[in-house]
Structures are given as structure tokens and as C-alpha cells.
Engineer: 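One structure, pasted below without further comment.
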Amino acid sequence: MASRNTIVAHVEDRPGVLARVASLFRRRGFNIESLTVGHCEEPGLSRMTIVVDGDDHQVDQVCRQLFKLIDVVSVQDITYVPMVDRELALIKVSASNFNRREVLDVVEVFRADVVDVHSDALIVQVLGDEGKVDAALKMFEQFGILEMVRTGRVAMLRGTETTKPPAISDSQQAAAAIRAMLGRRPEGALPFASD
Amino acid sequence: MRLTGARILMECLRAEGVEVFFGYPGGVVLPLYNTLGEYPDIKHVLVRHEQAAAHAADGYARVAGRTGVCLATSGPGATNLVTGITTAYMDSVPMVVLTGNVARDLIGRDGFQEADITGITLPITKHNYLLMRASEIAPAVKEAFHIASTGRKGPVLVDIPKDVFIEEAEWDGYPQGVSLRGYPIMDVPREEEVDKAAEIINAAKKPIIIAGHGVVQSDAQDELLEFAERSDTPVLTTLLGISGMPEDHELSYGFLGMHGHFYANMAADSADVVIGIGMRFDDRAMGRFADFNKTAKIVHIDIDPAEIGKNFKTHAPVNGDVKETLSRLLPQIERSSHPEWRTEIDQIMEQHPTDYIEEGTGLGGPWLVRALAEATEGQSTIVTGVGQHQMWAAQYYPYTKKRQWVTSGGLGTMGYEVPAAMGAQFAQQEPIWSICGDGGFQMTSQELQTVADHNLPVRFAIFNNGFLGMVRQWQELFYENNYHSVDLGQPDFVKLAEAYGIRGIRAATRAEAMQVFRDLEGYDGPVVIDFQLEREENVWPMVPAGAALSETIESADDL
Ligand SMILES: Cc1ncc(C[n+]2csc(CCOP(=O)(O)OP(=O)(O)O)c2C)c(N)n1
Ligand SMILES: [Mg+2]
């Protein structure tokens, strides 16, 4: 199935890690839609949320190749697992005395926030999943979008389950945990099918 | 105890038991060279080009079964290593590559001889390090050796700025272990994966094993043999899997692929279960993916989870070290026999043997490899370049010993034959035969001086067809005989050898070749032999580029 898959990776917080990941994506011809990196609950680790365009086989390869990087501590494709995903967009909409009210109506509908006001423009902050941000953008287009930036997706599993990497202590256990993560895929699919 | 970075590095190499490394000095590694005299137990071999240092470390690693080490200075020294590092990376050869770099405060300023070697080698190393403190050297070197030699093996580069060699740090012995959270050892396979594989294998009627470099790398030759015998499964190897299975065994059917044996290709294509062991279903081995044996169930044992399912749908993936996995699989394998299946392959073999040895007195490639095999009783370690001679060496020499075969399979690096044989010779006493192309030999022949310096008993057998033979073959077959840039001039190889103070011999007939083999008995110095081959012989059989294994052709008439 071709879709946008969400991958969560924990990486060592070291210089050059991003270059390693980027180099791998470039070299293997993987298509990244978005990549966000930031701190996570554990000091020393960074958490990447990567949105990859490709079929299941390609995404499986992405995870497996990523995991081969020594600095990558864990990789999970969470596309098929219940999760929450969000992104944030800042949209500079042109708005004057004539139509500001209309713009604000749209802001309200999307439960967005106005974070800057000027006589001829507003900056609107939209928070939501990709679909919501897309829809909001579409609505603001009628007023004229002067500038726009999106953060890319961040995601987290629902419930008590986490994507946290296994602890270091036992190499055997770590290997098992990693394999379980890599093996997570839709029911019924042949393991590692290439078509 | 406080030591300089340079001494710490040497202490680490000593602790790793490094007996030899290959290198070339330059400005930024002078602090290191300044200490080499204090470490006489770690032999430094001064090469004549850094590419050769990398290939030598690679050849040494493949024959010794240990991690090879090489060293270069910053900038051009480091970039000269790149072909050698990539060669090792593609063939998963354990190697630790040491480079110097400009002083820390000059990094990133395009100073004299600065090259971003960690950036350059990102996609061609298993991992790399740029060390900014002397205190980082010991842990990084420990990790480098660990990473290079475990899991799917490969080259690891450690880049050290000049002033870090000079800086002092506390040395309290070599680190005992490593703590690499993102690098768990995945040697032991999952039980359920082993069970599933056993189930498929036990139900097979026409099973085939394709053994790759992983068998050699994990020293699993004995386990492979036991597995094959118990399940009565014919064994093919990939080009790099050669010497993972004794070829004089009745279950051995040689190697498959673009210039593999006809019967091997057919066997792979008509098996009902294909068991890939420590191999990666590469295009040169499998032919056109879409048309490789569409009905077979595929069992794939490999240490690298990313290789499983990369090119083929896999019915029974088993992620684990080959030796470890085979020893867990063995007890579950039922004793079986497949006489009909064996007969089927035997018949194809009888009808389509790889036997292109022509009558006559001239030197044909296949004849020469056979003659060499007889002269060396099939016991020699063989190193090759890339091209026709490489394929003949793979086809006609009967490999029965472990780590007897050294070739650049993944990258196909011409010029590998001279330095790799040189490096390999440091791992064993008995003379190594390097089967060279006249083209490849000219790429790295400067290393004859290094060979002479150390009086290494390597026999460089130049298969001199006066052509870039493999390219010529393609131009003949696929570009209407339009030869361009393949007829290459050459020096007088005998005189060239002599200029280096090395014995040079020429042989143009079969009788002369036989005489050469007799003359060399007991000779323990280096030799260059200019075997003057028939110029336009082709390698058969062949899977044309983009064709399927089932479309293997045996002569130009089949095109
Ligand atoms: C470094 C490098 N450059 C180019 C090639 C492409 N190539 C493959 S085989 C070959 C010809 C090799 O000629 P020679 O060494 O004389 O061996 P022969 O095929 O004649 O036995 C060439 C040019 C290569 N494999 N490696
Ligand atoms: Mg040639």
C-alpha cells in the first residue's frame, strides 16, 4: 500500500547525526516528506519524526537501513498503530479593516490563534493533524497568504504504549526489542514482501 | 599515566593485537610517525599509494580473518583511500581506517590539505569518527574495532586532528568493553524464525543453498557442510561465497551468476526452495529479479536485517549470524535425500559443463587457471583483479580451503589484485598467487616496490591479453565489435619487474607456462609472470546484462 508513513527514531544527540540520516535518505533514494528533530524525555537522545512517502516495502527498508546507523538507537514505523499526530503552521494572511472579521471567523472555525496583528496582515497559528492544516490553508487562500511555514509532523502512540528505545543493559533483550519494532507491520502481509 | 594522543592510539593498536598496518605519512600524522619506532611489534608497511594501503588492509583481513588496519594523512592521503574503503564496504570486510586531519582550530576553514573525510566517507563506512580530544581516542578505537568486526562487518574510519595526536590524556589501559546502545549484537536468531525456516526446508523436494560471503566471514564452513549433508541440499555459492564450500564435495555445484556455471544458474532457477545463507541476492548473482525462479520459496539467513526482503519476497526470513543460526537450525533439520533432484542437476552439468579449454599450444585463460591449479595442487590462496581473468579464476580453480579466494566482488575494483595480494601475503607464509589483468596491474603496479621492500613471495600472474578484456568482450558481443579504448599499450612487464629488482618471466605457450611453474617451486621471492594470452577469448557462460538466470548463454551463437 502506498501512503505516507510515520516513522519515529531515537538517535544519539551527537554532532553529525542529522547528516548521517540525511546521507542515508539521499543515497538510497528515499523520499522524505518531513523530518522533525528535537529533544525527548531522555537526556542524550533526540527524537525524530520522519514522514516517508512510499509503499510498505520501501518504508520497511527505510526503517531497516536507518537502524543500521550506529547512532540510531531505535526505529519504529507507527503508521498502523493508534497514534496522535500534530503539526503546527504559521500563516501570514493579508487582512485589512474590510475583511479582518471574515478572516477571524475562519480562525475561529479551525480553533486557530492569531499571534500577530498588523493593519494589513495577521499571523495565524494553526495546530492540528495534516488534514486540518491543509484545510485551514485552503480556507485562508481566499484572503491571500503572504507567507507560510509548517513544522512537519510529530507523533506519539496513544495509551500507555511508547516508542521509547530499549535500555542498554542487555544486548540480547535490546536485539529482541529492536526486531519486534522492525517487524511491526499490517496483519496478513507476507514478511518483508517486495511487491 | 598521561600519554600523547599518538601514543594512546598505538597502545590501542597493540591492545587489539594488530601485528601489521599499511600506511603513508604526511604533515598531520607526523606526531604519530614520531612514535612508531617505540612500537616495533606493530609493523608499519610503507606503501606507495594510499589506495594500496586500503586494499592491502582489506586483503590481509580477508585471508587472516582479522580486522585490517590502514593509515593516511589528511586531504589527498585520505581521499586516496576512498576506493579501497568502498571496496571493503561493498564486500563487508572488517577494516579500521585511520586518518590524520588538520589541527582542530583549522577544521572547516579549507586550510592546506583539509578534506572532510568523515563527510566524504559517510556512505562508504559502517561508521566513522572525528575525534576532538585525545581522551576520546581509546574509547573510539575500541568501538571502531568492535563495530568493524561484529555484525555485518565493514570499514570504520577514525579521523584524528594533528593537535589531538599531540595533546595528552590519561591512559589507564584499553577499555574493556563498549556501550553502544544503537548497536546491539544480533547474532542469535529468533526461535520462531528458525522454526519456520526448518519447516520449509524439511518440506523441500528440490532445495538449493546459495552460500555467500557471510559463510566465509562467520567461519561457518563446517556448519554449512553439515547442514548441506544432512538435508542433502546441493550448494551453490555467490562469487564472494567461493571457498565457503569445498568444491570437491559432491554437493558442491560451484558459483552462480553472470559468469557462473550454467548448471548452477539452472539449479537456482528450478529449485523449489532457495536457501540464501549470508548473501544479499545481488543482481550479478540473481540475474533479472523479476524473472528469477518465480515459484521457489525463499529462506534467507543473514546478519543484516536490511538485506532481508530488500530484493526478493522472503518466505522465511532469519536474521542472525550464519554460524550461530546454522548451529541452531541443524538439530531441526531432518535427514533427507533428494536423489532425483541431484540427478537432474548432474545431468545438466554433464550436458553443459564449464569446460571451454581448447586444444592447442597457446595460452587460453581457462587452460592457464587449470594448469595453475594443478601446479599448486589446488592449495594456493588466489587473489584476483576484475575482468575476464577474475571470472576464469573463479570458474576453473578448485577451491577447497577456507579463505582461499580474495576478490573484489561488490565494487569490482580493478587494480585490487596487486595491493590486496601484497596485504594478504602478510597473513600467511605460503606464496600467494595474484591473478592479474594487464589493465588492472597497470593501475597499481607501483606497489611492486613495496613487495620488493618486504621480499614478499607473491606470484603476480598477469593474464596478459593486451586488452581490457571484459570490456572488449562486451564491445564484441553487444556493440557490434566496435572496439574503442580497450586495446591498451603496456610496458615490458618483465623489464618492469626487473626494474623493481623483482624476478620477471615471460611465457607465451603452454610448454613455457609449465616450465614457469616448475621453475618457481621452492622460490621464495616475488615474481611477475607475463603470461601472454590469446587476445580475444571470451568468458562463457554468461547472463547478458538485464537477462534472467534462465537465459544464460553458452556462446555468441546463443545471442
Ligand atoms: C577501477 C575500475 N575501472 C574500470 C572498470 C571497468 N572494467 C571492468 S573489467 C575491465 C577490464 C579489465 O581489464 P584487465 O585488467 O586487463 O582484465 P581482463 O578482463 O582483460 O582479464 C574494466 C575496464 C573497473 N571494473 N574498475
Ligand atoms: Mg586484459
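The chains referred to below are lettered A, B, ... by the order of the sequence lines, with proteins before strands, and numbering in each begins at 1. For clarity, every value in this text was computed on a predicted model and none was experimentally measured.
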Engineer: More than 12 heavy atoms of other residues, nucleotides or ligands under 6.0 Å from CD of B:Glu191: yes or no?
Structural biologist: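 Counting other residues, nucleotides and ligands, CD of B:Glu191 stays at 12 neighbours or fewer.
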Engineer: How close do B:Leu122 and A:Ala19 get, counting heavy atoms only, and between which atoms?
Structural biologist: CD1-O, 3.7 Å
Engineer: Between CG of B:Asp304 and CD of A:Gln65, what distance do you get to the nearest 0.5 Å?
Structural biologist: 6.5 Å
Engineer: For B:Lys126 versus A:Ile70, what's the shortest heavy-atom pair and its separation?
Structural biologist: O-CG1, 4.0 Å
Engineer: Pair A:Lys68, B:Tyr183 - check side chain to side chain contact (heavy atoms under 4.5 Å, CB included), show working.
Structural biologist: CA-CA 8 Å; A:Lys68 277 168 71 172; B:Tyr183 185 72; over 6 Å; no
Engineer: Identify which part of A:Gln58 has an atom lying under 4.5 Å from any heavy atom of chain B, answering side chain, backbone, both or neither.
Structural biologist: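 Neither part, no heavy atoms under 4.5 Å.
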Engineer: If you count the non-hydrogen atoms of other residues, nucleotides and ligands that lie under 6.0 Å from CZ in A:Arg150, is the total more than 12?
Structural biologist: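 Yes.
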Engineer: Taking the side chain as everything from C-beta on, heavy atoms only, tell me whether A:Leu69 gets closer than 4.5 Å to B:His127.
Structural biologist: no
Engineer: Quick one: CZ on A:Arg64 to NZ on B:Lys310, what's the gap to the nearest 0.5 Å?
Structural biologist: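 A:Arg64 atom CZ to B:Lys310 atom NZ measures 12.0 Å (nearest 0.5 Å).
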Engineer: Do the side chain of A:His57 and the main chain of B:Gly309 share a donor and acceptor less than 3.5 angstrom apart?
Structural biologist: yes
Engineer: Measure distances from A:Arg20 to the heavy atoms of chain B and classify the residue's part below 4.5 Å as side chain, backbone, both or neither.
Structural biologist: both
Engineer: Assess whether atom CE of A:Met156 is packed by more than 12 heavy atoms of other residues, nucleotides or ligands within 6.0 Å.
Structural biologist: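 Counting neighbours around CE of A:Met156, 12 or fewer heavy atoms of other residues, nucleotides or ligands fall under 6.0 Å, so no.
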Engineer: For B:Pro123 versus A:Arg26, what's the shortest heavy-atom pair and its separation?
Structural biologist: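 Smallest interatomic distance, heavy atoms only, reads CG-NH2, 4.2 Å.
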Engineer: Which atoms of B:Ile147 are under 4.5 Å from chain A, going by heavy atoms: the side chain, the backbone, both sets, or neither?
Structural biologist: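 Contact with chain A involves the side chain of B:Ile147 alone.
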Engineer: Please look at A:Leu66 and chain B and tell me whether the side chain, the backbone, both or neither of the residue comes under 4.5 angstrom of a heavy atom of that chain.
Structural biologist: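 It is neither, since no heavy atom gets under 4.5 Å.
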Engineer: Is it the case that over 12 heavy atoms from other parts of the model lie below 6.0 angstrom from the CD atom of A:Glu41?
Structural biologist: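 More than 12 heavy atoms, drawn from other residues, nucleotides or ligands, come within 6.0 Å of this atom.
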Engineer: Got more than 12 heavy atoms from elsewhere within 6.0 Å of CZ, A:Arg28?
Structural biologist: yes
Engineer: Within a radius of less than 6.0 Å around NZ of A:Lys92, do more than 12 heavy atoms belonging to other residues, nucleotides or ligands occur?
Structural biologist: no
